[in-house]
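For reference, the structure is listed below as structure tokens.
The chains referred to below are lettered A, B, ... by the order of the sequence lines, with proteins before strands, and numbering in each begins at 1.
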Amino acid sequence: MRWLSILIILLGLFSCKKDPTRWQTDWLVPVLNDTLSLAHLYNDSTLSISNNQIDINLSRTLLDLSLSDIVKIPDTAITQQYQSNFTVNNVTPGFVFVNSVKVHELELGDIQLKKVRVQSGQIQLKVYNPLNTAVLYQIELPGVSQNGQVFIQNYTVPPGTVQNPSVATENINLSGYDIDLSGLQGLEYNQLQSKLTLKTDPNGQAVSIYNNQVFKFEASFQNLRFDYAKGYFGSALIAGQEQFTLPYLDKITSGSISLPDLSLDLQIENGFKMALRAQIEALSATNTQGQAISLTAPSIGPSMYLAPAVGTWNTLQPSTLNLHFDQNNSNIKSYLENLGAFQQVSYQLQPNPWGNTAAGHDEAFAHSHLRLKIAAQMPMALSADGLTLQDTFALNLKQDLSKTHVTGATVVLNATNAFPLACDLVLYFMKDGQILHTVIADAQLASAVMGQIDPADGLLKKKSKIQIVLPPALVADLQDLNEVAVAATFATTDPNTGLAIQQHIQANAFLALQLQLQLQTQIRP
Amino acid sequence: MRYFLLLLVVSLQSAYAQQTILLDTYGAYNSTGVRRQVTDAFLYGGLIDSSQINRSLANLQQRNTFGLQMGFNAQWQTPWSVSKDSRKWGSSYRWVLGAGIHQYAGLQFSKDLFGLVFRGGLPYAGDTLDLSNLRAEATIFSKIGFGIYNPDTKSSFLLHMVSVQQHLGASIQKGTWFQDPSTAQIDLALKGQANLAGSAANTYGVAIDIDYHFGASDSADNQQQFQLLVQNLGVARSAKSTNYSLDGTLAYAGYSLAEWQQTSLDELTSSFLDSLGYQKSVGPSWMLLPAQIRLSKTLDWDSPQRLEAYYGAQFILRQTYTPLIYAGAQLKVKKAWHTGLGMAYGGFGGLRMQAYSAFRFKRSELLLRSDNIALQNGASLYLQFRCDL
């Protein structure tokens with residue numbers, strides 16, 4: 001009886017437990033309202049408009065070497081010092097006891113420079129005085145001048161001792177200075193000269209100069225970059241590989257496209273007044289399926305030679321070598337239709353391939369560059385057949401089922417398409433990379449070729465309404481899902497034949513999107 | 001409350017003069033159109049199915065009311081006179097102690113707002129919904145006080161200290177919702193204010209209760225006796241209440257891809273509120289308590305009439321409350337049992353049936369009353385117990 005009473009009480013308590021108050025509501029939520037077009041790519045060397053069609057006008061620089069990359073003087077320190085061989089007593093004030101020129105050799109490998117002009121960089125001068133009276137230092141760099149004025153710096157260095165010489169330091173900007181490296185006779189190269197003049201303080205006392213006193217200066221050239229150089233620039237080989245990724249092509253997972261007849265130009269530009277050997281060793285592309293293709297053409301592989309540039313400064317005319325690839329001389333069509341996202345070019349560039357045949361008269365100016373450019377121009381047209389782009393986005397739709405939550409959802413996409421591409425959409429909802437739900441749109445985003453010309457803007461357009469119903473099981477799993485992959489399969493289908501045909505992209509083509517969510521929501525206040 | 005009851009018990013054992021305990025408790029909710037099943041889901045839990053929502057919508061007018069009242073009052077009419085000097089007026093009065101807790105919630109709303117909340121926006125795409133003239137008032141407070149009581153006239157006056165646990169006063173003077181069926185663009189215009197004071201807002205005040213009986217002192221002369229009951233007439237001050245205001249318009253048609261990439265959800269919410277002119281401030285505020293004023297004909301146990309009329313009117317100092325009037329006939333079934341049946345109109349609902357029964361025992365009385373015996377759009381129960389010790 002007692003247990004029965006307890007049971008009745010417990011049943012009574014549980015029967016009083018309040019069931020959550022709840023009701024169902026239906027909402028329509030606008031999410032995305034945007035117009036996608038290629039307008040931001042016009043006239044930025046990617047796309048241009050011509051005859052109401054979009055042309056691909058692609059121009060990219062793969063390699064760009066300037067004078068500073070070819071001709072470099074590493075940070076260099078030169079020192080000049082004076083040390084008497086014997087003791088000189090009673091040196092009178094104002095006595096000049098050193099006045100000599102020293103030549104310094106620069107280590108520049110096989111580069112033999114006669115003259116350079118400093119674009120930027122500095123020199124740090126450091127002067128040491130071990131004498132017990134002030135000494136006037138005059139430092140002259142005979143080959144270094146600006147506007148005809150030779151580089152001369154004067155310092156009065158206070159008295160010092162042999163153990164603790166007094167030091168004067170100064171940093172001087174060398175921008176705009178010319179440096180003559182041709183030596184005393186003008187026939188040498190890579191030679192820097194310095195001249196040190198010492199004078200005791202004219203207002204000081206008579207002193208003695210001993211043979212253990214070292215008078216010196218140090219000059220450190222730092223971060224020198226040039227906008228002019230003359231000499232022999234060597235023949236060191238510049239070899240390398242440049243890799244680049246073409247956007248969007250790395251999202252293609254299957255399908256194919258067919259492109260119109262097109263051509264590709266590879267241009268080598270020599271802005272230096274020196275001979276140049278150039279060699280394009282290989283140009284290859286690998287697509288997302290791992291299929292690689294190399295561009296084959298007569299100009300891929302062998303060495304080619306470029307004459308020196310002509311002119312000076314603003315009149316400089318680079319010499320160029322244009323490598324043209326089209327269907328007649330290469331496999332360029334197959335190469336591009338492979339949709340290789342990962343491009344790689346291997347090259348060799350060699351200045352002065354025959355040595356110093358110009359007798360040290362190579363020249364380079366501020367605008368001198370060695371460039372490798374790629375250029376393509378063609379109508380933007382393609383034939384797509386099951387071309388599938390897939391991208392994965394993070395998903396974070398955590399919801400607490402004990403509170404107000406979504407119980408059902410439908411994605412509604414209203415689109416106006418002026419591109420000649422139809423598109424089928426599939427969504428893959430994943431947890432940690434594993435697909436748990438696959439949802440297919442109920443209709444196709446129709447191609448503009450299925451539509452009519454809008455007299456307002458003269459564009460061929462087609463409107464579509466697509467519904468993607470998210471099943472209840474998916475909605476129930478929403479809080480566990482963390483990724484969604486969107487796969488869009490494009491096709492340029494002929495409405496009459498149902499076959500993929502080549503379609504031109506209209507000028508000012510766009511895709512207007514209005515994405516809405518229809519949500520069934522259980523409200524739990 | 002525990003100490004109050006302890007004091008009560010001690011006093012009962014020590015007092016020799018007549019003293020009275022009065023307990024009354026009540027709970028009522030009603031609406032002009034919302035069906036009881038909808039409200040019951042809020043009170044007792046459960047799913048509100050769409051048929052109940054649709055039937056409620058069919059009942060609703062353009063302007064509707066819903067309200068809920070609950071409370072408990074206890075009063076101890078002590079045996080102690082205010083003055084023992086019979087020449088002074090105080091000798092006619094005794095001390096009385098009282099305490100209680102009350103909850104008032106009232107809501108005025110449009111049919112469109114009810115539909116938007118309970119059905120969502122999708123069924124109304126293309127329609128302009130009128131959300132104007134929304135008013136919500138809710139107050140929960142407790143009180144304790146003392147006063148004087150006249151055993152001859154049965155009139156009393158009490159002064160209470162009041163502590164407000166929760167207070168909400170909100171209104172939307174102008175509000176419209178429109179959603180374009182093709183673009184789903186939402187156009188929302190709102191102008192309104194809200195004042196909220198929670199338990200942490202330190203809200204205290206004073207209130208008076210007046211129970212005044214007048215009319216014939218002896219029913220034998222066939223004249224009526226009336227009761228004017230004023231409860232919770234007073235004010236309270238909140239040291240730190242929060243004020244919200246909205247005055248603006250919002251047009252939302254979705255964002256562009258770039259906006260979604262560059263803006264966080266918090267920033268989007270903030271921009272919504274900015275568009276609607278949202279402002280928030282914190283400061284002290286005063287509030288009127290939901291005072292209840294009732295004028296009614298009192299029940300006369302000694303009336304020689306077997307069948308007679310009863311009637312009364314009640315008003316609560318709140319904008320969401322419509323004055324309530326009621327009238328009916330009462331039957332003296334036995335000397336110690338009166339019962340009545342009548343109609344009531346107002347308050348939070350429309351016309352509805354009312355009934356009561358009163359029982360008189362040797363030293364006690366029990367009154368049971370319902371203002372909505374047909375459970376039409378709500379329920380009501382009033383229970384009063386009086387015991388002479």
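If you measure heavy-atom distances from B:S50 to chain A, you find no contacts under 4.5 Å at all. Looking at A:N414, the atoms closer than 4.5 Å to chain B (heavy atoms on both sides) all sit in the side chain, from C-beta outward. Contacts of A:Q24 with chain B are made by backbone atoms alone, with heavy-atom separations under 4.5 Å and no side-chain atom involved. Neither the backbone nor the side chain of B:V38 comes within contact range of chain A; no heavy atom of the residue lies under 4.5 Å from a heavy atom of that chain.
Side-chain contact between B:H102 and B:Y104 is absent, with no heavy atoms from C-beta onward closer than 4.5 Å.
Taking CG from B:L188 and CG from B:L129, the interatomic distance works out to 10.0 Å, rounded to the nearest 0.5 Å.
Of the residues considered (B:V117, B:D180, B:I53), B:V117 shows the highest number of contacts with chain A, using heavy-atom pairs under 4.5 Å. Residue with the most contacts toward chain B among A:Q520, A:Q514, A:R524: A:Q514 (heavy-atom pairs, distance under 4.5 Å).
Not one N or O on the side chain of B:S110 forms a donor-acceptor pair closer than 3.5 Å with the backbone of B:Q62. B:R35 places no side-chain N or O within 3.5 Å of a backbone atom of B:S56 that could act as its donor or acceptor partner.
The existence of a salt bridge linking B:R63 and B:D130 is confirmed by a sub-4.0 Å separation between a basic side-chain nitrogen and an acidic carboxylate oxygen.
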